Amino acid sequence: MENKKPVLALALSGIALFNTCIYGALQFTSSSNVAILESAIPAVTVILSIYLVKEKINKFQSLGILLSLFGAVWVIVDGRLFQLGNLHWNAGDLIMIGAIVSWALYSIFVKLYMFRFPPYGAVLVITGVGLAAMVPAVAVEWIAVGVPDLLRMDYIGGILYLGIFPSFIALIFYNRAVELLSASKASIFLNFLPVVTMAGAALWLGEQITPMHITGAVIVIAGVLLTTQGGKLTSREKTMKVS
């Protein structure tokens, strides 16, 4: 019973709230807006880590976080930064703020609690608890808009992909990265998402990579390298590392 609160914190922040907010946001706003807002997760994680677990961030790491954020946004808008003023912001963007905060909290909870549990078992349990917590939201949605035809082949493929890759494999890797590094250092790698997406679109969809894309990717890489260069462990982290 002593692990009930940590499991609940991990399940609500990383599974229930994050997924509800990010997929809910996409119903109202554009994927570009979501991608831009998502790139703020590392910065929010750092801020919360400083206040909640007293993590120390040196000036080079701070510069790295800002660089990677700038580079991620640069890739998303293809270097046209003034385009940000032309984006249409709406209620979906406010919902996305909930996803940002919940994932930042999840990253911190992973560092604080995940070392207590076996990695695969932990993902199984928090996913189950998170899914149970989402049942009321699913019920409300199905009452409001109707039950989707879950037996459609394209739906089945999408559900299998989301269940296997982002919800299981990526979660295992991310949890391990947070354990080995810190919440702020691991989260900074999320700014590689637009870079990897760009590369994947070029490889599988034949989309063109522009010099602006390459410039943004280099900025992101430079920011990540700066952020992951050292940084002293806090007394709390040292204790967890020994245990």
Side-chain angles (χ1 to χ4, degrees), residues 1 3-41 44-45 48 76 87-110 113-114 117-175 178 187 190 193-194 196-197 200-201 204-205:
M1 295 296 290
N3 291 321
K4 183 169 66 174
K5 289 184 178 179
V7 168
L8 192 60
L10 289 164
L12 291 179
S13 59
I15 306 298
L17 292 176
F18 176 73
N19 286 291
T20 299
C21 288
I22 194 167
Y23 292 119
L26 285 167
Q27 302 303 310
F28 301 98
T29 192
S30 67
S31 56
S32 296
N33 284 30
V34 167
I36 291 169
L37 290 169
E38 193 174 29
S39 63
I41 289 178
V44 175
T45 303
L48 292 180
I76 293 166
L87 293 176
H88 299 289
W89 304 95
N90 54 47
D93 305 307
L94 293 177
I95 297 174
M96 187 59 198
I97 293 174
I100 294 169
V101 175
S102 62
W103 190 261
L105 287 172
Y106 172 76
S107 300
I108 294 172
F109 292 149
V110 167
Y113 305 126
M114 192 61 75
F117 313 113
Y120 299 111
V123 169
L124 176 64
V125 172
I126 66 173
T127 299
V129 174
L131 288 175
M134 293 172 68
V135 168
V138 173
V140 170
E141 181 182 17
W142 285 2
I143 292 171
V145 301
V147 180
D149 181 8
L150 298 177
L151 297 180
R152 280 179 48 178
M153 288 306 299
D154 53 344
Y155 285 1
I156 293 174
I159 291 171
L160 285 175
Y161 172 81
L162 291 173
I164 294 171
F165 294 99
S167 300
F168 177 68
I169 295 177
L171 207 58
I172 290 289
F173 284 138
Y174 185 78
N175 290 348
V178 172
S187 67
L190 294 177
L193 281 172
V196 175
T197 302
W204 289 300
L205 302 178

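Counting begins at 1 with the first residue of the sequence. None of these values were measured; they are calculated from a predicted model. Below, each value reflects all heavy atoms present in this structure, side chains not excepted, and no hydrogens, waters or symmetry copies.
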State, to 0.1 Å, how close [X] and [Y] come at their nearest heavy-atom pair, and which atoms those are.
X      : Y      : value
Leu37  : Ile100 : O-CD1, 3.2 Å
Cys21  : Ala99  : CB-N, 3.5 Å
Tyr155 : Asp149 : CD2-O, 2.8 Å
Val34  : Ala25  : CG2-CB, 4.4 Å
Ala122 : Phe117 : CB-CB, 3.7 Å
Ala11  : Gly130 : CB-N, 3.7 Å

Val129, Leu171, Thr20, Val123 screened by side chain to side chain contact (heavy atoms under 4.5 Å, CB included) with Ile15, the one that passes: Leu171

Separation between [atom1] of [X] and [atom2] of [Y], rounded to the nearest 0.5 Å:
X      : Y      : atom1 : atom2 : value
Ser107 : Ile41  : OG    : CD1   : 7.5 Å
Glu141 : Met134 : CD    : CE    : 9.0 Å
Met96  : Asp93  : CE    : CG    : 9.5 Å
Leu10  : Lys5   : CG    : NZ    : 14.5 Å
Ser13  : Ile126 : OG    : CD1   : 8.0 Å
Phe18  : Leu105 : CZ    : CG    : 12.5 Å

Glu38/Leu193 under side chain to side chain contact (heavy atoms under 4.5 Å, CB included): CA gap, chis, key distance, verdict: CA-CA 9 Å; Glu38 193 174 29; Leu193 281 172; 4.2 Å; yes

Polar contact flag, side-chain donor to acceptor under 3.5 angstrom, Tyr174-Ser187: no

Derivation of the side chain to side chain contact (heavy atoms under 4.5 Å, CB included) call for Phe173 and Phe168: CA-CA 9 Å; Phe173 284 138; Phe168 177 68; over 6 Å; no

Intermediate values then yes/no, side chain to side chain contact (heavy atoms under 4.5 Å, CB included), Leu162 and Tyr23: CA-CA 12 Å; Leu162 291 173; Tyr23 292 119; 3.5 Å; yes

Ring centers of Trp103, Phe109 separated by less than 6.0 Å: no

Contact check, side chains of Ile156 and Tyr161, non-hydrogen atoms, under 4.5 Å: no

Any donor-acceptor pair under 3.5 Å from Ser39 side chain to Ile36 backbone: yes

Main-chain N/O of Leu26 paired to Thr29 side chain as donor or acceptor, under 3.5 Å: no

